[in-house]
Amino acid sequence: AVLGCALLLPTALGEDCPSQCSCWSLGEPWGTGVDCSSRGLRALPRLPRLTRILHLHNNSLASIPAGALDSLGHLQELRLWDNPWHCDCHILYLKLWLQDFSAPALARLRCASPAALRMKPLGQLAGNDLGVCTRLLPTKCLQFFWRDLILIAGAVITLLLVAWALKFSKKLVCQLRLGSRRLGRSIPKTH
């Protein structure tokens with residue numbers, strides 16, 4: 001009986017169970033079940049990597065951060081319904097991820113806001129429904145752009161200098177050959 005209870009403890013799962021959730025083992029090779037449903041969650045907790053079953057329904061989740069589900073390669077079951085999804089650019093990651101993971105799970109999700117999209121299925125959102133999702137390049141990207149531009153200009157100048165040096169060296173070699181021939185003609189041969 002003690003061994004059976006140990007399987008339910010988060011330490012026996014090899015990874016910590018989020019404090020707001022309850023976890024259970026599906027047996028060591030099969031991974032972990034994680035139930036975070038009906039907990040009032042506003043943000044996705046850090047999930048065990050070997051999560052196979054994940055219940056996040058009936059919470060206050062408005063979006064899922066980009067990349068948050070990418071590490072859950074063993075996930076087989078996901079419940080996300082009954083969350084107030086805010087359908088703007090931040091929901092695009094979840095929509096695209098669910099298109100690959102589970103079309104039925106995507107079909108169950110509906111936008112709660114903005115008002116123009118209220119009750120619209122997330123799977124039916126088009127690009128223009130989300131507004132303008134492109135951003136201007138951040139300052140750091142612009143700094144990299146200028147650095148790269150200077151490096152490219154430096155490489156072009158270096159190549160031009162090398163080409164000029166090669167051309168000049170060919171001319172110099174030709175002049176040396178001609179000079180040595182002239183010198184060879186002017187020196188009398190002694191036999």
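- The closest donor-acceptor contact from the side chain of Ser102 to the backbone of Leu98 lies at 3.5 Å or more, if one exists at all.
- Sorted by first and then second residue, the ring pair (Phe, Tyr, Trp, His ring centres under 6.0 Å) pairs with a member in residues 35-66 read His55-His57, His57-Trp81; sequence neighbours excluded.
- Summarising the geometry of Leu122 relative to Lys95, their closest heavy-atom pair is O-CE, 3.3 Å, with the distance given to 0.1 Å.
- For residues 147-167, every residue pair satisfying the ring pair (Phe, Tyr, Trp, His ring centres under 6.0 Å) rule, not counting sequence neighbours, is listed here: Trp164-Phe168.
- A distance of 5.5 Å separates CZ of Arg52 from NE2 of His74, quoted to the nearest 0.5 Å.
- Without hydrogens or angle criteria, Asn83 side chain to Trp85 main chain gives no donor-acceptor distance under 3.5 Å.
- Distance check, rounded to the nearest 0.5 Å: CG of Leu61 to CG of Asp82 gives 11.5 Å.
- The other members of the hydrophobic cluster of Leu161, by chain and number, are Ile157 (side-chain heavy atoms under 4.5 Å, ILVMFWY only).
- From Leu56, atom CG reaches atom CG of Asp35 across 9.0 Å, with rounding to the nearest 0.5 Å.
- Listed by first and then second residue, the disulfide (SG to SG under 2.5 Å) pairs involving residues 36-74 are Cys21-Cys36 (not counting sequence neighbours).
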Yes or no on side-chain contact (heavy atoms from CB on, under 4.5 Å) for Thr32 and Leu47, after CA distance, side-chain angles and deciding distance? CA-CA 10 Å; Thr32 305; Leu47 300 166; over 6 Å; no

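- Nearest heavy-atom pair, Ala68 versus Leu44, reported as atom, atom and distance to 0.1 Å: CB-CD2, 3.6 Å.
- Side-chain atoms of Ser25 come within 3.5 Å of backbone N or O of Gly27 as a donor-acceptor pair.
- One finds the CG atom of Leu125 at 10.5 Å from the CG atom of Asp88 (value rounded to the nearest 0.5 Å).
- Pairs passing the side chain to side chain donor-acceptor pair (under 3.5 Å) check and including a residue from residues 111-122, sequence neighbours excluded, read His86-Ser113, Lys120-Asp129.
- Evaluated for a side chain to side chain contact (heavy atoms under 4.5 Å, CB included) with Leu80, the options Leu54, Leu94, Leu106, Asn59 yield exactly one hit, Leu94.
- Across Ser60, Pro18, Pro45, Ser22, a single residue satisfies side chain to side chain contact (heavy atoms under 4.5 Å, CB included) together with Arg39, and that is Ser22.
- Counting Ile, Leu, Val, Met, Phe, Trp and Tyr side chains that sit under 4.5 Å apart, directly or through other members, Met119 stands alone, with no cluster partners.
- Remark: side-chain polar atoms of Tyr93 are paired, donor with acceptor, to backbone N or O of Leu69 under 3.5 angstrom.
- One distance of note links CD1 of Ile53 with CG of Leu26; it measures 4.5 Å at 0.5 Å rounding.
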Which is it for Leu78 and Trp97 under the side-chain contact (heavy atoms from CB on, under 4.5 Å) test, yes or no, and what are the steps along the way? CA-CA 12 Å; Leu78 177 62; Trp97 191 88; 3.6 Å; yes

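- Here the SG-CD distance, from Cys87 to Gln124, works out to 11.5 Å after rounding to the nearest 0.5 Å.
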